[in-house]
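Note sheet for the following structure.
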Amino acid sequence: MKLAVIGLGNMGTAILKGIREAGIFKAEDIIACDKKFSDPDNKPDEVFRQVRFTDDNRSGVKEADVVLLSVKPQIIEHVLEEISDLSSGKLFISIAAGIKIDYLKQKLGNDAKIIRVMPNTPALINSGAAALSPDSSITSKELKTAKKIFSAVGETAVIEEEYMDAVTGLSGSGPAFIYILIEAMSDAGVLNGLTRETALKLAAQTVKGSAEMVLKTGRHPAELKDMVTSPAGTTIAGLSVLEDRAFRASIIKAVNRAVERSEELGSSD
Ligand SMILES: NC(=O)c1ccc[n+]([C@@H]2O[C@H](COP(=O)([O-])OP(=O)(O)OC[C@H]3O[C@@H](n4cnc5c(N)ncnc54)[C@H](OP(=O)(O)O)[C@@H]3O)[C@@H](O)[C@H]2O)c1
């Protein structure tokens, strides 16, 4: 099976690196397509040794069984029109934010098989969270291939396309909400005399470790919270302030507003 990746920017490069490291496709079965490769000074990274590079999207798609579309949403129409006559029967995996399966089918033709995916930026360090939404013609084998690709750069979940805006608000925008939390916690550490470096390291590791506790133990966050919260102790004193300042409600409202904004952007196309 051969893979073409169209668009080798932040995401395309990170996903391709994950694919190579996990050995999902052999290097010689990958064609990486990006217009930057028309510039002879732009040498591909060593990690992609033996991968073929081209600035010609059509030649990549012609050979491939699976095509990963990782160009910006603003230019995807141009790319789809360029390759549409080559698309019949091939599997297209699109990560373009806000671009719907119906639109991809309309541009590529009904014989193209489509899986729409919403990854997030921690995929750049193999800690991503990606939601996959297959069109109704996708077989379990095709879905398995897509899951393997995104499992190489993090966790995956399969969802109905109607929930893509929910995913965009939660795991797409979510990293920014968590960065604010880490920054605020480290500010509090500095306020109490820690160096910035120490405070930032402790805050980030606390978020990472807590997230891993949820994922690895499978326990409900409320149960894990109770384990840290002793009677009349420090944690309950801090938690009472968070409840007083509506921390939970603020987070719910922030995600909800991001979901609404994603819906607004999708309907203004
Ligand atoms: N970054 C995120 O957090 C994130 C999260 C979820 C989904 N996504 C989606 O992922 C996709 C890629 O995002 P990104 O951040 O990786 O963007 P990016 O860094 O700009 O990468 C896009 C790449 O495509 C290249 N390109 C432009 N026109 C092309 C063409 N006609 N044929 C082939 N390649 C072409 C660009 O080259 P030039 O730079 O030379 O134009 C660039 O290398 C987007 O659709 C975005 O919505 C991103």
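Every number for a ligand or one of its atoms is a count from 1 in the order of the listing.
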| Lys105 and Asp135: CA distance, side-chain angles, deciding distance, salt bridge (charged side-chain N to carboxylate O under 4.0 Å, His left out) verdict | CA-CA 9 Å; Lys105 283 251 178 202; Asp135 84 33; 3.1 Å; yes

| remark: Per-atom filter on ligand 1: closer than 4.0 angstrom to a heavy atom of Val71 are 11 (C), 24 (O), 34 (N), 35 (C), 44 (C), 45 (O)

| Option of least heavy-atom distance to atom 41 (O) of ligand 1 (set: Met11, Lys35, Met118) | Lys35

| field | Salt-bridge present (Lys100, Glu161; N to O < 4.0 Å) | value | no

| remark: In short, Ile182 meets Ala203 closest at the heavy-atom pair O-CB, 3.8 Å

| Less than 4.0 Å between a side-chain N and a carboxylate O, is that true for Glu63 and Arg52? | yes

| task | Consider only side-chain N and O atoms of Thr198 and Thr195, and report whether a donor and an acceptor are under 3.5 Å apart. | result | yes

| query | Can you find a protein heavy atom under 4.0 Å from atom 39 (O) of ligand 1? | reply | no

| remark: Min over Ile95, Leu68, Asn57 of heavy-atom distance to atom 10 (O) of ligand 1 lands on Ile95

| field | Atoms in ligand 1 with a heavy atom of Lys36 nearer than 4.0 Å | value | 43 (O)

| task | Could you tell me whether the side chains of Ser240 and Glu243 share a donor-acceptor contact shorter than 3.5 Å? | result | no

| field | Nearest-0.5 Å distance, CZ of residue Phe53 to NZ of residue Lys36 | value | 9.5 Å

| said: Using a 3.5 Å distance criterion without hydrogens, assess whether the side chain of Thr168 forms a donor-acceptor pair with backbone atoms of Met164. | reply: yes

| field | Top protein contact for atom 47 (O) of ligand 1, by heavy-atom distance | value | Ala97 N, 2.9 Å

| Which ligand 1 atoms, with their elements, are less than 4.0 angstrom from a heavy-atom of Ile6? | 33 (C)

| request: Using distance alone, with no hydrogens and no angle criterion, decide if Asp56 and Thr54 have a side-chain donor and acceptor under 3.5 Å apart. | output: no

| task | Just need the protein heavy atom nearest to atom 20 (O) of ligand 1, so name the residue and atom and give the distance. | result | Lys72 CE, 3.3 Å

| said: How far is atom 23 (C) of ligand 1 from the closest protein heavy atom, and which atom is that? | reply: Gly9 N, 3.6 Å

| field | Asn120 N/O under 3.5 Å from ligand 1 N/O | value | no

| query | Among protein heavy atoms, which lies nearest atom 29 (C) of ligand 1, and at what distance? | reply | Ile75 CD1, 3.5 Å

| Is the backbone of Leu8 close enough, under 3.5 Å, to the side chain of Thr13 for a donor and an acceptor to pair up by distance? | yes

| atom 31 (N) of ligand 1: the protein heavy-atom neighbour that sits closest, reported with distance to 0.1 Å | Val79 CG2, 3.7 Å

| message | The test is salt bridge (charged side-chain N to carboxylate O under 4.0 Å, His left out); show your working for Arg257 and Glu264 and say whether it passes. | response | CA-CA 10 Å; Arg257 184 66 197 104; Glu264 284 163 18; 3.3 Å; yes

| field | Pro119 N/O to ligand 1 N/O under 3.5 Å | value | no

| query | Can you list the ligand 1 atoms lying under 4.0 Å from a non-hydrogen atom of Thr121? | reply | 2 (C), 3 (O)

| Distance from atom 25 (C) of ligand 1 to nearest protein heavy atom, with residue and atom | Asp34 OD2, 3.3 Å

| query | Is atom NZ of Lys148 surrounded by more than 12 heavy atoms (other residues, nucleotides or ligands) closer than 6.0 Å? | reply | no

| How far is atom 24 (O) of ligand 1 from its nearest protein heavy atom, and which residue and atom is that? | Gly7 CA, 3.4 Å

| request: Give yes if a backbone or side-chain nitrogen or oxygen of Asn10 is under 3.5 Å from a nitrogen or oxygen of ligand 1, and no if not. | output: yes

| Near Pro73, which atoms of ligand 1 are under 4.0 Å from a heavy atom of that residue? | 44 (C), 45 (O), 47 (O)

| message | Under 4.0 Å, counting heavy atoms only: does Ser70 come that close to any atom of ligand 1? | response | yes

